[in-house]
Amino acid sequence: MTALLEVEGLEVHYGPVHAVKGVDLAVQEGTVTALLGANGAGKTTTLMAVAGLRKISAGDIRLDGRSLVGTSSESIIRQGVGVSPEGRRVFTALTVAENLRLAGAIHGDAAISSSIAETLMERFPILGTRRHQRAGLLSGGEQQMLALARALMGKPRLLLLDEPSLGLAPQMVDRVFDLIAELREEGIAVLLVEQNVPLSLEIAQEAVILANGRMAARGDSEKVAQSDVIHAAYLT
Amino acid sequence: MPLDLFIQQLVNALSLGGIYALLALGLAVVFSIIRLINFAHGEIMTVGGYGVFFSLLLGWPIPAAIIVGVSMSIIAAVAMERLAFRAMKGASVVSLLITSFAISEILKVLFQNGISARPKPIALPSELSGSYEVGGIVIGVIPTLSIAITLISLTVLTAFLRRTTTGLAMRAAAEDFDMVRLLGVRAGGVVAAAFALSGLLAGIAAVIWTAQRGSVDPLMGFFPVLKAFIATVLGGLGSLSGAVLGGFVVGAIEVFSQAFLPESLSPYRDAIVLGSVILILLVRPEGLIPPARVDRS
Ligand SMILES: Nc1ncnc2c1ncn2[C@@H]1O[C@H](COP(=O)(O)OP(=O)(O)OP(=O)(O)O)[C@@H](O)[C@H]1O
Ligand SMILES: [Mg+2]
């Protein structure tokens, strides 16, 4: 059976910098794949290549078996992909509700969009309470909740999450991982980039470890957890 | 200074500042999204002026002439984006700037050779060119209408930016364009909408300006847009509310310095405007209302 997302032999350059060197990964429907590695390993670059924002120099990226190479970001998102990017990137000048409304525009129907937004604001009560406040006034953790909710507005089949727990208090970190587990149970596939290795390996079915742009390990997350590669990858 | 004179000048300042505000807003909308300082914005305005002129020449009623003028500005702006700037996606700020400068020069030459280098007069009905009296103060009909049109335009625009999806996308794109695309919003549509909006605002400015001057000429857009550039920098480059405020401030400095400074200083009017703006920028280098923005590679 083909996976929902398949990445094969991915290569990405930033001018002379060879950031991603032959990465393979897959995300099966309703599962989490963790993409781990030290700072600068190429995780964000890989994720942004999948989202269509980074030009790839070689390899293939397939959603439902169909290649996404050369497809615009907008079209990729419209095929059922939600992104919570590195650094959250909420629109600080827009209110919480406006951030969600813009993300819901993909449905082309204000009623559908606002009903999804209401459901999400029940799921993230803090967003409901602060819906009319500018997103720039939210705390880091609250902005992360907004970034996640915004990624869910399009009712994605595949979520791309880049360090959703970065900089959060321990309690909030647990909330984020609980949420990812819930989403997985709801049938959403997740490609999860994280620095929190233990929690990520716990929640993921598959894991890929990157080191300096190369795959250092790939496979069943339990097996990867027991290998030495993890330590090696974070020490280089 | 006598109160009635002050109020008359205030009306002048608001009507001139309103034109600068509309133009500055159009520049800021486009700049905030694609980092293009559109030098050809003045010619978009001029196209609108000629639209009004030729409509009236054909004997069409004033409302029709206004609609034609504004529509032609919108078409000019959208065409400019399609034919020139779209192909330059990802180009540097400087290349975009130089391209817009070239477009501006080409259009000016076309107007001069294709229409006329000299101003073409426009005859307005007497009801419009007259004035009225309130409490002993004489106020012109055209300046009053100008202020009303400006305020209505700004109100409608604010509602558009707050309520519509396109408006939200434009505000969001000003902060982080790639993130807007990561929500599945089509980038091309947002850029085209920004140009259309800048054309609409330039068209409205053209109608008001033409009514105030009573003539159109190839350079009619050039000078007010120069002031509008100053206004956008003063307000904070890329900030929409800043552009509006900057427009009114520049208009006020211009009108009041002309009205109340000695006659001998009048050749220095533009120098006084620029000097005042520089003074304000020394205190607030980011502009009066700096934009929220994320710069990414
Ligand atoms: N815009 C860019 N221009 C040039 N080089 C870049 C750019 N973005 C990333 N790189 C380089 O590409 C490599 C991979 O970066 P990437 O951001 O993908 O790493 P990462 O694994 O996400 O790291 P982190 O954990 O710090 O977020 C790094 O060497 C980085 O310096
Ligand atoms: Mg990263």
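Just so we're on the same page: letters track the sequence lines, and every chain starts at 1. Everything numeric in this text was worked out from a predicted model, so none of it was measured.
With respect to the salt-bridge test (charged N to carboxylate O, under 4.0 angstrom), the residues A:E182 and A:R175 do not qualify. Salt bridge annotation for A:R62-A:E8: present, with a cationic side-chain nitrogen under 4.0 angstrom from a carboxylate oxygen.
Proximity to chain B involves both the backbone and the side chain of A:L94, based on heavy atoms less than 4.5 angstrom apart. In this structure, chain B has heavy atoms under 4.5 Å from both the backbone and the side chain of A:L102. Contact annotation for A:M48: only side-chain heavy atoms (C-beta onward) come within less than 4.5 Å of a heavy atom of chain B.
Of the options B:F222, B:F229, B:F223, a side-chain contact (heavy atoms from CB on, under 4.5 Å) to B:V225 is made by B:F229 and by none of the others.
Figure legend: B:R86 and B:F195 shown without cation-pi pairing, the cationic atom not lying both under 6.0 angstrom from the six-membered ring centre and within 45 degrees of its axis.
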